[in-house]
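What follows is a set of notes on a single structure, which appears directly below.
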Amino acid sequence: MTGVEQTAGRAAGAGPVLLGVRHHGPGSARAVRAALEEVRPRVVLIEGPPEADALIPLAADEEMRPPVALLAHAVDEPGHSAFWPLAEFSPEWIALRWALEHHVPARFIDLPATHTLAWGRQEDEAATEGERPPPAETAPDGDPGPGPAGLRIDPLGVLADAAGYDDPERWWEDVVEHRGAGEGDALAPFTALEEAMGALRETYGSGGHDRDLVREAYMRLQVRAAQREFEDGVVVVCGAWHVPALRQKTTVAADRALLKGLPKVRTDMTWVPWTHRRLARTSGYGAGIDSPGWYGHLFSAPDRPVERWLTKVAGLLRAEDRIVSSAHVIEAVRLAETLAAMRGRPLPGLSETTDAVRAVMCEGSDVPLALIRDRLVVGDELGEVPPSAPAVPLQRDLTRLQRRLRLKPEALERELELDLRKENDAARSRLLHRLRLLGIAWGEPAASRGSTGTFRETWRLRWEPELSVRVAEAGVWGTTVLSAATAKAEADAVGAEGLAGVTGLAERCLLAELPDALPTVMRVLADRAALDTDVGHLAQALPALVRSLRYGDVRGTDTAALAEVAAGLAERIFVGLPPACAALDADAAEEMRGHVDAVHGAVALLGDAPAAGHGRLRGRWRSVLRVLSGRDTVPGVIRGRAVRLLLDDGQLAQDEAALLMGLVLAPGTPPADAAAWIEGFVGGGSGGGMLLVHDGRLLGLVDAWLTGVPAEAFTDVLPLLRRTFSAYEPGVRRTLGELVRRGPGTGGGATAAGTATPGFAADFDTERADAVLPVVRLLLGLDDMDDNTEDNNLAGVTG
C-alpha cells in the first residue's frame, strides 16, 4: 500500500488525518483548505494554546482582520508574555476560518500557555541570577519551543541541502508554493512531507528541540480525547516536524509522565493586532519569514502572480516619481520567466522577480530595491481586532481615547504636527506624553520643521505589536490612561535616585498634564534639591525645571510652586559655581562648560517667566560670569565662555572683550591655556565663527597668537584648535581662510580705532560692495518697484 493510499485510508476511518504544515506558508494554507474540503472532518484540532479556545469564535467577526496574534501574559506580571501570530496565509488561520464557516468545532491542542510562560520565567530568573540561559529557540517548523538543547537542526535546511539547494526558502517555494495543492489528491502533499519529516526524526530524534517532546506528549493526549468523542472525523493541523511524533504509538501513562510536575503561572489571553513587519522577525510563534508581503501576494493572487506582482512594483515606483511604463512590466515578466527557466525553477520566485526589477525598472541600481522590500516584500500591513475581544481596562480606555481623538494605530511610521492652541491637538499631546510616561512608546517626539515655539509639537507615530504587552503591563497602575500615568509618576518620583531624574519627571508631568501627581513630585523635588550639594547636579536639574515653566504657560498650568523651586535652585548654583570651577582637569572643565551654557539659557528663560517673580536673577548671574571670566584658577575654557556670554548679552563692550583676549593671548600665557580660552570663547557651536568673520580685531588677535606659537608647543595645541574650528560651517571656514589669506591692506574687518589690525584692512572696500547691489535689487524685486512707482502712486491717488 502506498503512502497516499495509507493517508486516504486514515481519512476513511483508520485514525486522525494529520496535516503537517509550515507556519505562515501560503502553499500550506492552500493545501489545508483543499484537504479540509475533501475530508470534511467533524472536528479540527490546531497547534496552539488551549486557553485560546474561548477566543476562536472572534475569528469569524467582521471586524477581525489578520495579521493578528494570540497574546498570553502572566496575570501577576503582564510584561511576561508570548505571542502566536496568524496571517491571512497561515494554515492555522485557514483551518480556523474553515471550521467556523462550516460550523465544525475547532480546538487548540498545543501545550497550555500557563506552562510555556512558566518556562520563560525560569529562563529570565536564571539570566538575572547570572547563570547562562539556554539560547532562545525557534523550532524548525516555526513553533516557539524555547528550552535547553544541544544541537538544533533546521529540517527545511537539511531537506533543501539533500535536494541540492543552498537556500531553504527557494527549495520550499519550488516544491510547495509553486506546485499547487495536490492535484487529484488533496492529501498527497502532506503524505510526502510526513515521509520526509519521518526520515529526519529517525535520524535526528528531537533535533535538539527537547521541549518539543513534552509538547508532543500533550498533543497526543488531546488527539486521543478527540478520537474518543468524534471517532474518525478528526483532522489535526500542526507543524510538519511534529507529525511523526503524533503518529508514534505511545501509552497514555508515558505521555502523562512527561507532563508531570510542569511549572505553572496564572495566564490571561486575548487577540491583538499584528503586523507584516513583525512577522518578518525570527521570534514568537512561527519562524520569522523574510517576505510576508510576497507570501501574502502569492496566497491572494487568483492567477498570474508574477505579472500581478510586477504591476504592484511598477505602481510603487511610479508613486515615487520614477519613470516605469507598461513596457517595463512586460519586459520584467519576460526576464523573470527566463531566469526561472535557466535556474531550473517551475515558476519565477522572489529572487527572479527582484533580479528582473533591478535590471529593467531600476537600471541596475539597488537603491529602489530597498523601497520595494520595505513597502511590498515586507509591507506595513496592520491587523485589526474587534472591540469585543478581551482586554485589560487600560486597553479599553486607550482604544476609546484613540477613537475620540482620531488617532488610529498604524504600522507605517508617520509624522504628526500638533498645534497646542487647538483643543484636539492638545488632547492628543497629553495622551502621547502620558503613554510615554507609562513606557508605551507609540509616539516619539521629533524636531519640528516649522515653528520652534512651545505651542508646537512634532511626533513620529508607529504602532508595534509589542505595545499591546506594554499596555497590559501598565494596567497595574490604573484602569485609565490618566489614573495609570498619575500613579506611575508618583511612584517614579519616590523611587528616583538623582535630582535630575526628579526634575525631568516634573517636566514630563506638566507635558502630560498630571495635576494630581505634581504635589508628590514637587515635594520630592524640593527635598532632593535641599539635600544635594553637587553644583553639577543642580546645574543639570535647572534647565528641565525652567522648560517646565514654559510648558506650563502654554498649557495653562499653575507653575508658581515650580518657579519658586527653580529660583531657589538658581541662587544655590550662583553661590556654588565659582568654587566648583576651580582647579579642574581638562575633561571636568569641558563638562562644567556645558553646565555653564545650560544655566545661562535657563536663567534667560527663568527671568522671562511671569511665575518666577525674580527679575534679579539675570543680574546675579552676570555677576557670576564676571567672576568666572577674571579668576585665574578657573580653567581657560570656562573663562573664555564666560567672556563670550557677557559679550553676547551686551554686558561687555567689544573693546573690553578684545582687551581680555589680548591679555590671554600674550606671550607669557602657556599655549595650551590660550587655546582652551579660544575654544571657550569661539567654540562649542556658539556662533563664534561668525563673530571672527565680522570682528577683524578678534580674528587678528587669534591669527597673531597662532603664528607666534612655538613649534614645540604647536603640536600640543593643534588637536584643541582643530576641534574648535572644525565645528564651524564650511562657508564660515572658507571665509575665515580667505580673510587670513588676503594679508594686510587687502580688505577685511575694521577696528574701532580705525587702524588696521595686522593682516586686515582698516576700511570697507566700497567698490566690491557696490558690485553686489544689482543682484540684491534683482532678488528683492526693487527694480520692478522702481519702474512701477509712478503708476502705483497714480493708482493710489485715483483709488
Please report the interatomic distance CZ(Arg97) to CD1(Ile56), rounded to the nearest 0.5 Å. 13.0 Å

Does Arg42 come within less than 4.0 Å of Glu229, counting only side-chain N to carboxylate O? no

Any side-chain heavy-atom pair from Val243 and Met197 closer than 4.5 angstrom? no

With no hydrogens and no angle check, is any side-chain donor or acceptor of His80 less than 3.5 Å from a backbone partner on Leu117? yes

Do any N or O atoms from the side chain of Thr354 and from the backbone of Ser351 form a donor-acceptor pair under 3.5 angstrom? no

For the pair His115 (side chain) and Pro263 (backbone), establish whether a donor and an acceptor sit closer than 3.5 Å, ignoring hydrogens and angles. yes

Mind checking whether Tyr295 and Phe89 have parallel, tilted or perpendicular rings, split at 30° and 60°? perpendicular

Take Val32 and Leu36 through the test side chain to side chain contact (heavy atoms under 4.5 Å, CB included) and record every step on the way to the result. CA-CA 6 Å; Val32 164; Leu36 291 173; 3.8 Å; yes

Start with the C-alpha distance between Arg22 and Leu156, add both sets of side-chain angles, then the distance that settles side chain to side chain contact (heavy atoms under 4.5 Å, CB included), and finish with yes or no. CA-CA 10 Å; Arg22 183 191 185 192; Leu156 296 187; 3.6 Å; yes

If you look at every heavy atom in Ala472 and Val392, which pair is closest and at what distance? CA-CG2, 4.1 Å

Quick one: pull up CZ in Arg278 and CD in Glu464 and give me the separation to the nearest 0.5 Å. 8.0 Å

First locate atom CG of Leu347, then atom CD of Glu337, and finally report the distance between them rounded to the nearest 0.5 Å. 8.5 Å

Checking Glu202 now: which residues fulfil salt bridge (Lys or Arg N to Asp or Glu O under 4.0 Å) with it, not counting sequence neighbours? none

Check whether any side-chain N or O of Ser28 sits under 3.5 Å from a backbone N or O of His24 as a donor-acceptor pair, and report yes or no. no

Relative to the ring of Phe83, is the ring of Trp274 parallel (under 30°), tilted (30 to 60°) or perpendicular (over 60°)? tilted

Contact between Ile330 and Leu310 at the side-chain level, heavy atoms closer than 4.5 Å - yes or no? no

Can you confirm whether Val39 sits close enough to Leu187 that some side-chain heavy atom of one is under 4.5 Å from a side-chain heavy atom of the other? yes

Taking all non-hydrogen atoms of both residues, which atom of Ala411 and which atom of Asp380 are closest, and how far apart? CB-O, 3.2 Å

Partner set under salt bridge (Lys or Arg N to Asp or Glu O under 4.0 Å) for Glu381, not counting sequence neighbours: Arg65

Using a 3.5 Å distance criterion without hydrogens, assess whether the side chain of Ser291 forms a donor-acceptor pair with backbone atoms of Val377. no

Could you give me the CA-CA distance, side-chain angles and deciding distance for Leu111 and Leu262, then say whether side chain to side chain contact (heavy atoms under 4.5 Å, CB included) is met? CA-CA 11 Å; Leu111 190 70; Leu262 291 179; 4.0 Å; yes

Take Leu96 and Leu86 through the test side chain to side chain contact (heavy atoms under 4.5 Å, CB included) and record every step on the way to the result. CA-CA 10 Å; Leu96 276 180; Leu86 297 171; 4.3 Å; yes

For Leu350 and Trp294, work out which heavy atoms get closest and say how close. N-CZ2, 3.5 Å

Considering only distance and modelled atom types, tabulate donor-acceptor pairs under 3.5 Å from the side chains of residues 253-260, sequence neighbours left out.
unit_1, atom_1, unit_2, atom_2, d
Asp255, OD1, Arg220, NE, 3.2
Asp255, OD1, Arg220, NH2, 2.8
Asp255, OD1, Thr250, OG1, 3.4
Asp255, OD2, Arg220, NE, 3.2
Asp255, OD2, Arg224, NH1, 2.9
Asp255, OD2, Arg224, NH2, 3.2
Asp255, OD2, Thr250, OG1, 3.1

Ignoring hydrogens and angles, tell me if any N or O in the side chain of Arg107 forms a donor-acceptor pair with the backbone of Pro50 under 3.5 Å. no

Pairwise side-chain contact, Pro112 with Tyr218, heavy-atom cut-off 4.5 Å (strictly under): yes

Shortest non-hydrogen contact from Pro41 to Val44? CG-CG2, 3.9 Å

Please check this pair: side chain of His242 against backbone of Glu216, looking for a donor-acceptor N/O pair closer than 3.5 Å. no

Could you tell me if the side chain of Leu70 sits less than 4.5 Å from the side chain of Glu51, heavy atoms only? no

So which atom in Trp463 and which in Thr275 form the shortest heavy-atom distance, rounded to 0.1 Å? O-CG2, 4.3 Å

Atom pair CE (Met269) and OG1 (Thr114), whose distance is rounded to the nearest 0.5 Å: 10.0 Å

For Phe108 versus Asp53, what's the shortest heavy-atom pair and its separation? N-OD1, 2.9 Å

Output the distance between atom CG (Leu55) and atom OG (Ser388), rounded to the nearest 0.5 Å. 10.0 Å

With a 4.5 Å cut-off on side-chain heavy atoms, are Ile94 and Phe299 touching? yes

Applying salt bridge (charged side-chain N to carboxylate O under 4.0 Å, His left out) to Asp212 and Arg201, what does each step give before you reach the verdict? CA-CA 12 Å; Asp212 282 353; Arg201 293 298 292 258; 5.8 Å; no

Side-chain touch Pro91/Leu19, heavy atoms, less than 4.5 angstrom: no

Under 3.5 Å, side chain of Arg40 to main-chain N/O of Glu37, donor-acceptor pair present? yes

Which distance, rounded to the nearest 0.5 Å, do you find between the CG of Leu371 and the CG of Leu376? 7.5 Å

Arg462 (side chain) donor-acceptor with Leu412 (main chain) under 3.5 angstrom: no

Does a side-chain heavy-atom distance below 4.5 Å link Arg277 with Leu382? no

Taking atom CZ as the centre, does Arg334 end up with more than 12 heavy-atom neighbours from other residues, nucleotides or ligands that are less than 6.0 angstrom away? no

For Arg470, is there an ion pair with Glu473 - N to carboxylate O distance below 4.0 angstrom? yes

